[in-house]
Amino acid sequence: MSLPLIALLFVFPAAMAYAAASDLVSMTISNRLCLVLMAAFAVCAAALGLGWSQIGWHLAAGGLVLAVCFGMFAAGWIGGGDAKLAAVTALWFGFDHLMPYLTIAAMAGGVLTLALLKLRSGPLPAVASDWSWARRLHSPKEGVPYGIALAFAALLVLPETTLWRAAMGL
């Protein structure tokens, strides 16, 4: 199995699943996770023989999303981990699949937010009252673990990407 295929079939999905789970239970997305995704992209891009122009466009997509998301972070609209995760995912997807990714993430984030607001409107179930992460998630003072929506969208869009198709030999 080739390095790009390993990166696409294991590293990227596992990192997304970890980001979603981490955001759910701790409201954080690790810097190390984002660095692993960046490194895996570099390995994947090199192994697939992406040209400098293609890599540049992927970097531009990631940089644009990082700039916009950090503006949103500065305004207090999203968390810093969410901004970094969206940017590193944009690095993987490039401009070709950026809009589908962002659209699905926005829709999934809206559904997640509405579901969380509904859950927060009632009492926390007794079985979850001893779980610190559940109490934090249930608190109306806390934000939304948007990394869940970002990871969900990334996993849905991944099979449509240029990198995926190249790694699969399509």
Problem set entry | Trace of the side chain to side chain contact (heavy atoms under 4.5 Å, CB included) decision for Tyr101 with Leu156 | CA-CA 8 Å; Tyr101 167 65; Leu156 278 181; over 6 Å; no
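- Here the shortest heavy-atom pairing between Asp82 and Leu150 reads O-CD1, 3.4 Å.
- Cluster membership check: Phe95 shares its hydrophobic cluster with Leu66, using side-chain heavy-atom separations under 4.5 Å among Ile, Leu, Val, Met, Phe, Trp and Tyr.
- The minimum heavy-atom distance between His97 and Thr162, with the atom names listed, is CE1-N, 3.7 Å.
- Side-chain contact between Thr28 and Asp23: absent, with no pair of heavy atoms (C-beta onward) separated by less than 4.5 Å.
- Taking both residues in full, the closest heavy atoms of Leu112 and Ala149 are given as CD2-N, 4.4 Å, listed atom of the first, atom of the second, then distance.
- Leu119 and Leu117 fall into different hydrophobic clusters, where Ile, Leu, Val, Met, Phe, Trp and Tyr side chains are chained together by heavy-atom contacts under 4.5 Å.
- Both Val25 and Trp131 are part of a single hydrophobic cluster, where members link through side-chain heavy atoms under 4.5 Å apart.
- Ring orientation note: the planes of Trp92 and Phe12 are tilted relative to one another, at an angle of 30° to 60°.
- In this structure, Leu37 and Leu85 have side chains that are in contact, with non-hydrogen atoms separated by less than 4.5 Å.
- Closest approach of Ala105 and Ala153 over heavy atoms only: N-CB, 3.4 Å.
- Under the 4.5 Å side-chain criterion, counting only non-hydrogen atoms from C-beta, Met16 is not in contact with Leu158.
- With rounding to the nearest 0.5 angstrom, the CD1 atom of Ile148 is 4.5 Å from the CG atom of Leu24.
- Going from atom CZ of Arg165 over to atom CG of Leu48 covers 14.0 Å, rounded to the nearest 0.5 Å.
- Contact detail for Phe93 and Thr161: the closest heavy-atom pair is CD2-CG2, 3.4 Å.
- Rounded to the nearest 0.5 Å, atoms CZ (Arg136) and OG (Ser132) are 5.5 Å apart.
- Annotation for Met27 and Pro145: closest pair SD-CB, 3.8 Å, computed over non-hydrogen atoms.
- Distance CG/Leu98 to CG/Leu91: 11.0 Å, rounded to 0.5 Å.
- Two residues are said to be in side-chain contact when any heavy atoms from C-beta on lie closer than 4.5 Å; Val68 and Met72 meet this criterion.
- Taking the six-membered ring where the residue is Trp, Phe73 and Phe70 present perpendicular rings, their angle passing 60° and hence far from 30°.
- Taking NE2 of His138 as the start and OG of Ser121 as the end, the distance is 7.5 Å to the nearest 0.5 Å.
- Note: Arg135 CZ to Leu124 CG = 8.0 Å, rounded to the nearest 0.5 Å.
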